[in-house]
Amino acid sequence: QVQLVESGGGSAQTGGSVKLSCQYSGYFSRRCMGWFRQVPGKEREGVAFIEDDGSKNYTDSVKGRFTISADNAQNIMYLQMDSLKPEDTAKYYCATETKRVTWCVVSELSEYEFNYWGQGTQVTVSS
């Protein structure tokens, strides 16, 4: 059974940093894992994706500030968030697909293609 567990959320000041971790378990084959975020009343937004070959891509609003990485030997994925802004405040989720999707692009791959999700971790950025 595939399981994903996020950790590392919390509060930060504008300009500060937070690092999220996503520990995953269970045997699965995938092309794409990623981080999403959601604020109440809005749709879940793709933030950063990483392919099984290590390729990464980001939504425009976090480019140059967030870094996604993964340690496949340890079954863990990270999201390093720097230069945080109040608009980064959200609940952050890690997710994976197991269908071997054709591409792994934030602007192209819907959340509905991801079939396993963590429980989410809150990040709050104050001004």
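Around atom CD of E87, more than 12 heavy atoms belonging to other residues, nucleotides or ligands sit under 6.0 Å away.
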Before giving the answer on salt bridge (Lys or Arg N to Asp or Glu O under 4.0 Å), spell out for E113 and K99 the whole-Å C-alpha distance, their side-chain angles and the decisive distance to 0.1 Å. CA-CA 8 Å; E113 298 293 335; K99 298 175 282 187; 3.2 Å; yes
Please lay out, stage by stage, how M77 and W35 fare under the test side-chain contact (heavy atoms from CB on, under 4.5 Å). CA-CA 9 Å; M77 180 175 65; W35 290 94; 3.6 Å; yes
Go through it in stages, so that I can follow the logic: the residues are E45 and R37, the test is salt bridge (Lys or Arg N to Asp or Glu O under 4.0 Å), and I'd like the CA-CA distance, side-chain angles, deciding distance and then a yes or no. CA-CA 5 Å; E45 173 192 25; R37 64 186 179 188; 2.8 Å; yes
Under the side-chain contact (heavy atoms from CB on, under 4.5 Å) rule, what do Y116 and Q3 come out as? Steps first, then yes or no, please. CA-CA 7 Å; Y116 290 97; Q3 290 188 317; over 6 Å; no
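Rounding to the nearest 0.5 Å gives a distance of 6.5 Å between CD1 of I50 and OG of S69. Rounded to the nearest 0.5 Å, atoms OG (S17) and CD (Q80) are 5.5 Å apart. Rounded to the nearest 0.5 Å, atoms CZ (R31) and OG1 (T98) are 14.5 Å apart.
The main-chain N or O of C32 is found under 3.5 Å from a side-chain atom of E97 such that the two form a donor-acceptor pair. Between the side chain of Q119 and the backbone N or O of E6 there is at least one donor-acceptor pair closer than 3.5 Å. Using modelled atom types, no side-chain atom of K91 and backbone atom of Q122 make a donor-acceptor pair closer than 3.5 Å. Formation of a donor-acceptor pair under 3.5 Å by the T89 side chain with backbone atoms of T124 is not found in this model. Judged by distance alone, the side chain of N57 and the main-chain N or O of C104 form a donor-acceptor pair under 3.5 Å.
If you run side-chain contact (heavy atoms from CB on, under 4.5 Å) between V18 and each of L84, V125, T121, only L84 comes through. For the salt bridge (charged side-chain N to carboxylate O under 4.0 Å, His left out) test with R65, the passing option among D88, D60, D82 is D88; the others fail.
Residues R30 and D52 form a side-chain contact, since some pair of their non-hydrogen atoms from C-beta on lies under 4.5 Å apart. F28 is listed as a side-chain neighbour of T96, based on a closest heavy-atom distance under 4.5 Å. Between V5 and C22, every side-chain heavy-atom pair lies at or beyond the 4.5 Å cut-off. Between Y92 and L79 there is a side-chain heavy-atom pair separated by less than 4.5 Å. The shortest distance between side-chain heavy atoms of L109 and V101 falls below 4.5 Å. Contact of the V123 side chain with the M81 side chain is registered, since non-hydrogen atoms from C-beta on lie closer than 4.5 Å. Side-chain contact check for L4 versus Y93: every heavy-atom pair is 4.5 Å or farther apart.
Between Y78 and F66, the ring centre distance reaches or exceeds 6.0 Å. When ring centroids are compared, F49 and F114 come within the 6.0 Å threshold.
V62 approaches Y58 most closely through the heavy-atom pair CG2-CB, 3.9 Å. Closest heavy-atom contact between G46 and V106: O-CG1, 3.4 Å. Scanning all heavy atoms of the two residues, the minimum distance from I76 to S21 falls at CD1-CB, 4.1 Å.
A cation-pi contact links R44 to W117, judged by a cut-off of 6.0 Å to the six-membered ring centre and 45° from its axis.
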